Number of protein chains: 4
Amino acid sequence: MLSIDPSDPTPLYAQLDRAIRSAIGSGRLRVGDRLPTVRQMAVDLRVNANTVARVFGELERAGVVETRRGVGTFIRARPADALSADDRHRRLTALADRYLADAADLGVSVDEAIAHLRERRAAEREETSDGQ
Amino acid sequence: MLSIDPSDPTPLYAQLDRAIRSAIGSGRLRVGDRLPTVRQMAVDLRVNANTVARVFGELERAGVVETRRGVGTFIRARPADALSADDRHRRLTALADRYLADAADLGVSVDEAIAHLRERRAAEREETSDGQ
Amino acid sequence: MLSIDPSDPTPLYAQLDRAIRSAIGSGRLRVGDRLPTVRQMAVDLRVNANTVARVFGELERAGVVETRRGVGTFIRARPADALSADDRHRRLTALADRYLADAADLGVSVDEAIAHLRERRAAEREETSDGQ
Amino acid sequence: MLSIDPSDPTPLYAQLDRAIRSAIGSGRLRVGDRLPTVRQMAVDLRVNANTVARVFGELERAGVVETRRGVGTFIRARPADALSADDRHRRLTALADRYLADAADLGVSVDEAIAHLRERRAAEREETSDGQ
DNA sequence: GTGGTCTAGACCACG
DNA sequence: GTGGTCTAGACCACA
């Protein structure tokens, strides 16, 4: 479900943080769901357990996740729920502009960039229905 | 022209390498074009000159640019050599997935994220026609 | 009567151990007094019964309490044994330093921190006389 | 200047975090000051460098400190400056009440607790003038 | 030389 | 068995 690319120069912990937040934001993980254990996730992602524990710790401090001592780690909130609609819109615009700018650097037009997103949407839906 | 985001956990050198290759791949930089000097680029990007120099060195070893002593650094490779269609597609997918993941963290669905891009496209077109 | 702060990074067992010893040292618990049962205390403090049991066990080994099978756990040591004047002074210093450090983090000087305590003292006295 | 007590059950990283914030809040460290290097502080406090690095990282995320890549770590802001006067007062009251409650557990009256703080103030002033 | 990331592996606190 | 803390030590990015 979550995946890490060790050849990506982005630090592993940052990739995992983004992956978990994204899974929550998209509804693949829901409030109250239990995350895999630190050690299990470490095995699955072929990453050191400390790296996973570090991410869990940061998500806890951020209020995204709640850890119950000796029990496990649970989704606590959709991170976005703390944001005002205005703030959300502003941040989304920043993300969109970064995406378009990076795509332009690749020589990809806005229309192509949007078309590509539709492809990704289709790909995700297939994965999701595979999983069910 | 090129931009670096110091708050992105991706290492500066990886960001710069990618930015230069993208500019070549997209045709914004063409074979024979001269790059800014190491020091100039370091100042522009607010990055240490050693970091820029290392990226130039790696690009030279990769055959993407050519350094003529006392003259400057020039684009050597054709866009096709610098970035295959396959590479381009792979990178675009990485960008799209990052955009979708970050949008999901904001609680924004894929469909909304795409719709938002359309808005941005419309906004850009207006700005462009305003400017003419 | 005893209190535990789950958000304090100090381990629960250390908090509980300290709380019980303090209560004895201060005379709030006296020799011969019966402690609540492990389970009752676990419920009251919202802590796992094993954690309470372990603290009781350590206190027993230290000679501070005595467990009479099927009857309950009783305070055994005299206050003087449980907490020497020296210990008391050392602990008070630790508490004071923590208070001053946390106050400093809020940008509050030592003098202001002391002044604030005087206010609290006044407030408490009012409450107390109100209650009478 | 900063000190850690390895026998205190409070985690080392929490002790260090409090110590640094306190030093900033009390003015012993000022905006723009450079902190000792991670490795130096690790040696001084007889703690692993990773533990220090972890605290620096958390302080950076909290905006208390700024790290300049390859240069060092600098005080960025007095953490308290982000707080409203109201908020500060509320938190100070919580701290004071905790101190008084813990002191009461030790059998120490409010007046004694205040007197003890005055002692600590005197002790700190001596240390400070020794250092000059 | 600076800080940052990651690993391996020990030991602790908690349920 | 759960997560949390700490250590030792490697290697990387940056100035």
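The model shown is predicted, which means the values in this text are computed figures rather than measured ones. In what follows, chains are A, B, ... by sequence order, proteins preceding strands, each numbered from 1.
- A donor-acceptor contact under 3.5 angstrom links the side chains of D:S26 and D:R28, judged on distance only.
- For the pair D:T67 and E:dG4, the criterion of a side-chain N or O lying under 4.0 Å from OP1 or OP2 is met.
- As a whole-Å value, the separation of D:R46 CZ from F:dC6 C1' is 17 Å.
- Rounded to whole angstrom, the span from the CG atom of A:L45 across to the C1' atom of E:dT5 amounts to 16 Å.
- Salt bridge present: A:E58 and A:R54 bring a charged side-chain N and a carboxylate O closer than 4.0 Å.
- Nearest-nucleotide positions on DNA chain F place A:L35 closer to the 5' end than the other of A:L35 and D:T10.
- Atom CG in A:L16 sits roughly 11 Å away from atom P in E:dT7 (whole-Å rounding).
- If you measure from atom CD of A:E66 to atom C1' of E:dC14, you get 15 Å, rounded to the nearest angstrom.
- Two residues are said to be in side-chain contact when any heavy atoms from C-beta on lie closer than 4.5 Å; B:V64 and B:I75 fail this criterion.
- Between D:V71 and C:V47, the residue anchored nearer the 5' end of DNA chain E, judged by the nucleotide with its closest heavy atom, is D:V71.
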Distances under 3.5 Å only, N/O to N/O: pair up the protein atoms with those of nucleotides 10-13 of chain E.
{"from": "E:dA13", "atom 1": "OP1", "to": "C:Y13", "atom 2": "OH", "distance (Å)": "3.0"}

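- Among D:L12, D:L16, D:N50, the one residue that satisfies the side chain to side chain contact (heavy atoms under 4.5 Å, CB included) test with D:V55 is D:L16.
- Here the P atom of nucleotide E:dT2 and the CZ atom of D:R34 are 7 Å apart, to the nearest Å.
- Proximity of C:L2 to C:Q15: side-chain heavy atoms (C-beta onward) are nowhere separated by under 4.5 Å.
- Ion pairing between A:D8 and B:R98 fails under the 4.0 Å rule for side-chain N and carboxylate O.
- A sub-4.0 Å separation between OP1 or OP2 of F:dT7 and a side-chain N or O of D:T51 is present.
- Taking a cutoff of 4.0 Å between a charged side-chain nitrogen and a carboxylate oxygen, B:D102 and A:R18 qualify as a salt bridge.
- To the nearest angstrom, C1' of F:dG4 lies 15 Å from CG of A:L59.
- The CG-C1' distance, from C:D17 to E:dC14, rounds to 16 Å in whole Å.
- In this structure, the side chains of A:I4 and A:Y13 stay at 4.5 Å or more apart for every pair of heavy atoms.
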| query | How is the base pairing of DNA chain E summarised as a dot-bracket string, given the Watson-Crick and G-U wobble criteria with both distances under 3.5 Å, [ ] for crossing and | for another strand? | reply | ||||||||||||||.
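- Following rounding to the nearest Å, B:I4 (CD1) and F:dC14 (P) show an atom-to-atom distance of 9 Å.
- Applying the ring-ring contact (aromatic ring centres under 6.0 Å, His included) test to A:F56 and every residue at least two apart in sequence or in another chain returns nothing.
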